[in-house]
**Student:** 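Quick one: this structure, given as structure tokens, is what I'll be asking you about.
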2 protein chains.
Amino acid sequence: MESRCENCIVRQFNSLRAMSKEELKEVSDSKVTKKYKKGETLFEEGEKLNGVFCVREGVSKMSKLSANGKDQIVKLATTGEVIGQRAVIVEEPTNLSAIAVNDMEVCFVPKEIIVNSMHKNPDFTLEVLRHMAHDLKEADDVIVNMSQKTVKQRIAEAFLYLKNNYGVDEEGYLSLTLSREDIANVVGTATESCIRIISEFKKKGYLKTSGKRIGIANEKELQDLIDGF
Amino acid sequence: MESRCENCIVRQFNSLRAMSKEELKEVSDSKVTKKYKKGETLFEEGEKLNGVFCVREGVSKMSKLSANGKDQIVKLATTGEVIGQRAVIVEEPTNLSAIAVNDMEVCFVPKEIIVNSMHKNPDFTLEVLRHMAHDLKEADDVIVNMSQKTVKQRIAEAFLYLKNNYGVDEEGYLSLTLSREDIANVVGTATESCIRIISEFKKKGYLKTSGKRIGIANEKELQDLIDGF
DNA sequence: TATAAAACATGACAATTGTCAGTTTTTTTA
DNA sequence: TAAAAAAACTGACAATTGTCATGTTTTATA
């Protein structure tokens with residue numbers, strides 16, 4: 001039997017926490033839990049979404065194809081986050097693709113439930129608004145980083161981000177392993193440049209690697225580099 | 001005597017249009033109309049805002065100081081737009097500075113009025129949410145442009161943006177004149193690089209200039225350049 | 001309107017980053 | 001576990017972009 005949203009811990013971290021008991025029941029009754037394997041697509045840029053996805057487990061990369069054929073990863077969506085909200089609110093096709101970075105479990109909630117609640121429950125709408133306001137600030141920060149920091153700084157920043165948000169395993173390697181190509185697509189550079197800089201960081205003792213796994217060996221030096229020292 | 005919000009055309013373009021008559025009256029009674037000369041600061045990054053600003057006339061650049069001391073212009077806010085909303089919603093200091101690009105007239109609305117309406121009027125909240133969702137999409141697009149397009153393409157794009165959004169004067173020059181430095185700060189490049197590329201575009205017949213005024217002489221070529229031909 | 005200040009412009013050069021063309025290693029799958 | 005596929009890596013080189021230094025033009029102001 002499916003688990004009930006009312007008892008879902010994940011909900012504490014997203015806008016669904018502002019829903020009433022009745023609304024939650026509705027969500028719970030209509031939601032569909034889906035599993036995606038690493039690399040599978042939740043949805044693609046340009047698709048019309050008829051609901052939102054609440055991430056229970058795993059990480060999804062949210063990306064946009066650029067004119068030159070490269071994917072730019074705009075953000076990573078993690079446990080607790082609701083994705084697809086933006087498109088549902090403005091009733092437009094989504095501007096981003098969502099692809100599982102590792103195995104995922106997500107709950108799909110039909111848009112009618114969400115839209116309905118937004119018309120009836122101002123607290124819920126306000127909570128959604130707060131989350132979107134937060135996302136917008138983060139997007140502003142990304143814009144500034146993209147244009148004002150070097151590729152080296154952005155890569156260093158990406159690793160600290162991964163450490164702070166997803167932690168490290170018992171051997172000290174980052175728990176969330178992204179391919180070099182994905183990292184390049186996060187910081188907006190060529191895969192080769194990304195690999196080269198990782199090699200350089202390794203030589204300098206800032207990072208350690210084991211296959212595709214990467215660990216931070218000298219956090220302070222990385223931070224100094226980001227800060228421009 | 002101050003003009004009434006109820007009759008303000010500007011309101012049609014922003015979230016205030018979802019307000020009830022009573023709410024609008026409240027706004028109207030508590031708002032303060034302010035004028036800013038070109039170059040003056042509406043507010044600075046890190047400030048706490050105790051209200052929002054509704055732009056009646058003129059344009060404001062919304063920027064963020066980066067670690068290397070350069071301002072990155074994240075967006076331009078124009079007639080009809082409400083600025084400072086994000087900060088008021090999340091109850092945080094604002095993450096952006098607002099500086100008048102030309103002479104401005106704005107209405108300052110105390111945050112209590114806004115917050116109050118957001119708790120009581122779901123239509124208003126939803127309308128604010130829609131606007132923020134739109135801003136977020138635009139920010140995503142900027143991120144992709146920043147990381148995947150060349151400086152040359154971004155500058156070309158900036159000029160077409162200025163033409164499409166602010167139009168041209170009778171001589172064919174862009175109605176909104178930004179300094180070369182501002183343009184550089186919009187596209188995220190060095191002022192010298194920006195000037196150089198403008199000169200190049202002029203030589204190639206894509207642009208014409210007269211002092212600091214700039215006009216588009218060959219829109220198609222600019223568009224081709226943006227599209228990567 | 002003379003003078004100062006700001007903005008615009010250009011050259012020379014160095015640093016950063018991307019592209020292409022491969023090789024090697026790791027991971028996946030039959 | 002062998003073969004195939006994908007990912008990681010490296011070198012060489014070119015293109016892009018930033019920096020510094022300096023001169024010119026435009027704009028603002030006393």
Side-chain angles (χ1 to χ4, degrees), chain A residues 37-40 61 66-72 99 101-103 145-156 158 173-174 177-203 207-215 225-226 228, chain B residues 37-40 61 66-72 99 101-103 145-156 158 173-174 177-203 207-215 225-226 228:
Chain A
K37 290 224 187 70
K38 177 179 174 173
E40 284 184 337
K61 52 181 177 183
S66 73
N68 61 28
K70 275 188 192 163
D71 272 317
Q72 173 65 37
I99 297 173
V101 167
N102 45 29
D103 291 352
N145 280 340
M146 282 295 179
S147 65
Q148 306 285 0
K149 291 198 170 151
T150 64
V151 172
K152 215 172 276 190
Q153 288 175 312
R154 270 142 49 204
I155 290 180
Y173 293 104
L174 294 170
T177 299
L178 295 179
S179 70
R180 308 293 197 261
E181 188 180 5
D182 278 345
I183 298 170
N185 291 346
V186 167
V187 303
T189 190
T191 306
E192 297 94 323
S193 296
C194 180
I195 289 172
R196 238 181 278 276
I197 288 170
I198 290 173
S199 299
E200 187 194 324
F201 284 173
K202 212 168 104 180
K203 248 176 229 146
L207 297 176
K208 59 179 180 179
T209 68
S210 164
K212 61 185 303 184
R213 291 190 307 162
I214 292 175
L225 196 151
I226 294 168
Chain B
K37 290 225 187 72
K38 177 179 173 175
E40 284 184 337
K61 53 182 177 182
S66 74
N68 61 27
K70 277 188 192 163
D71 272 317
Q72 173 65 36
I99 297 174
V101 167
N102 45 28
D103 292 354
N145 279 341
M146 282 294 176
S147 65
Q148 306 286 1
K149 292 197 169 153
T150 64
V151 172
K152 217 172 274 190
Q153 289 175 311
R154 268 141 52 203
I155 289 179
Y173 293 103
L174 294 170
T177 299
L178 295 179
S179 70
R180 309 291 197 263
E181 189 181 4
D182 278 344
I183 298 169
N185 290 345
V186 167
V187 303
T189 188
T191 306
E192 296 94 324
S193 297
C194 180
I195 289 172
R196 237 182 279 274
I197 289 169
I198 290 174
S199 299
E200 187 194 325
F201 285 172
K202 214 169 101 179
K203 248 177 230 146
L207 296 177
K208 59 180 180 177
T209 67
S210 164
K212 61 183 305 180
R213 290 191 306 162
I214 292 176
L225 197 152
I226 294 169

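As the structure is a prediction and not an experimental result, all values here were calculated from the model. Basis for what follows: all heavy atoms, side chains included, without hydrogens, waters or symmetry-related copies. Each chain gets a letter, A, B and so on, in the order the sequences are listed, and its residues count up from 1.
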**Student:** Can you check the A/L225 CG to C/dT16 C1' distance for me, whole Å?
**Tutor:**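 It works out to 14 Å between those atoms.
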
**Student:** With a non-hydrogen cut-off below 4.0 angstrom, is B/K70 in contact with a base, only sugar-phosphate, or nothing?
**Tutor:**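 Since only primed, P, OP1 and OP2 atoms lie under 4.0 Å of B/K70, the category is sugar-phosphate.
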
**Student:** Quickly work out the A/I195 CD1 to D/dA6 C1' distance and round it to whole Å.
**Tutor:**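 About 12 Å, once rounded to whole Å.
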
**Student:** Tell me the interatomic distance from B/E200, atom CD, to C/dA9, atom C1', rounded to whole angstroms.
**Tutor:**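 Computing the B/E200:CD to C/dA9:C1' distance gives 14 Å.
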
**Student:** Could you measure the distance from the CZ atom of B/R154 to the CD1 atom of B/I183? Nearest 0.5 Å is fine.
**Tutor:**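 Going from the CZ atom of B/R154 to the CD1 atom of B/I183 covers 13.5 Å.
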
**Student:** What does B/S193 touch in the nucleic acid at a heavy-atom separation under 4.0 angstrom: a base, only the sugar-phosphate, or nothing?
**Tutor:**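 Base contact - B/S193 has a heavy atom under 4.0 Å of at least one base atom.
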
**Student:** Rounded to whole angstrom units, what separation is found between the CD atom of A/E192 and the P atom of C/dG22?
**Tutor:**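 My rounded result for the distance is 14 Å.
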
**Student:** Please pick, from D/dT17, C/dT17, C/dA9, the nucleotide with the shortest atom-to-atom distance to any side-chain atom of B/R180.
**Tutor:**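 Nearest listed nucleotide: C/dA9.
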
**Student:** Whole angstroms only, please: what is the CD1-P distance between A/I183 and D/dA7?
**Tutor:**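 These atoms are roughly 13 Å apart.
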
**Student:** Could you walk me through whether A/I214 and A/K202 pass side-chain contact (heavy atoms from CB on, under 4.5 Å), step by step?
**Tutor:** CA-CA 10 Å; A/I214 292 175; A/K202 212 168 104 180; over 6 Å; no

**Student:** Here's a test of your reading of the structure: between B/S210 and B/R154, which maps to the more 5' nucleotide of DNA chain D?
**Tutor:**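 With B/S210 and B/R154 compared, the 5'-side residue is B/R154.
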
**Student:** Between B/K203 and A/G188, which residue's closest nucleotide on DNA chain C lies nearer the 5′ terminus?
**Tutor:**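 Result: B/K203.
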
**Student:** Heavy atoms from C-beta onward define the side chain here; which of C/dT17, D/dA8, D/dG18 lies closest to that of B/T189?
**Tutor:**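 In terms of side-chain proximity for B/T189, the closest of C/dT17, D/dA8, D/dG18 is D/dG18.
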
**Student:** Select from A/G211 and A/K152 the residue whose nearest nucleotide in DNA chain C is closer to the 5' end of that strand.
**Tutor:**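 With A/G211 and A/K152 compared, the 5'-side residue is A/K152.
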
**Student:** Do you know the tightest heavy-atom contact between A/S147 and B/Q72?
**Tutor:**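 Shortest heavy-atom contact: OG-OE1, 2.6 Å.
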
**Student:** Locate the shortest heavy-atom distance separating A/D71 from B/Q148; write the atom from each residue and the value.
**Tutor:**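 Residues A/D71 and B/Q148, closest heavy atoms: O-NE2, 3.8 Å.
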
**Student:** For C/dA6 and B/S179 - does any side-chain N or O of the residue sit under 4.0 Å from the phosphate oxygens OP1/OP2?
**Tutor:**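 Answer is no, no contact under 4.0 Å.
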
**Student:** Given atom CZ of A/R196 and atom C1' of C/dT23, what is their separation to the nearest angstrom?
**Tutor:**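 From A/R196 CZ to C/dT23 C1': 13 Å.
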
**Student:** What heavy-atom pair brings B/K61 and B/D182 nearest, and what distance separates the two atoms?
**Tutor:**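 Closest approach of B/K61 to B/D182, heavy atoms only: NZ-OD1, 2.9 Å.
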
**Student:** Within this structure, what is the CD-to-C1' distance between B/E181 and C/dA6, rounded to whole angstrom?
**Tutor:**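 Interatomic distance, CD of B/E181 to C1' of C/dA6: 10 Å.
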
**Student:** In this structure, how many angstroms lie between the C1' atom of C/dG18 and the CD1 atom of A/I155, rounded?
**Tutor:**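 Value for this atom pair: 13 Å.
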
**Student:** A/K212 has a side chain; which of D/dC9, D/dA7, D/dT17 sits nearest to it?
**Tutor:**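 Nearest to the side-chain atoms of A/K212, counting from C-beta on, is D/dA7.
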
**Student:** What's A/T191 touching, base or sugar-phosphate or nothing? Going by heavy atoms closer than 4.0 Å.
**Tutor:**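 No contact.
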
**Student:** Choose from D/dT19, C/dC8, D/dT10 the nucleotide whose nearest atom is closest to any side-chain atom of A/S199.
**Tutor:**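 Minimum distance to the A/S199 side chain belongs to D/dT10.
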
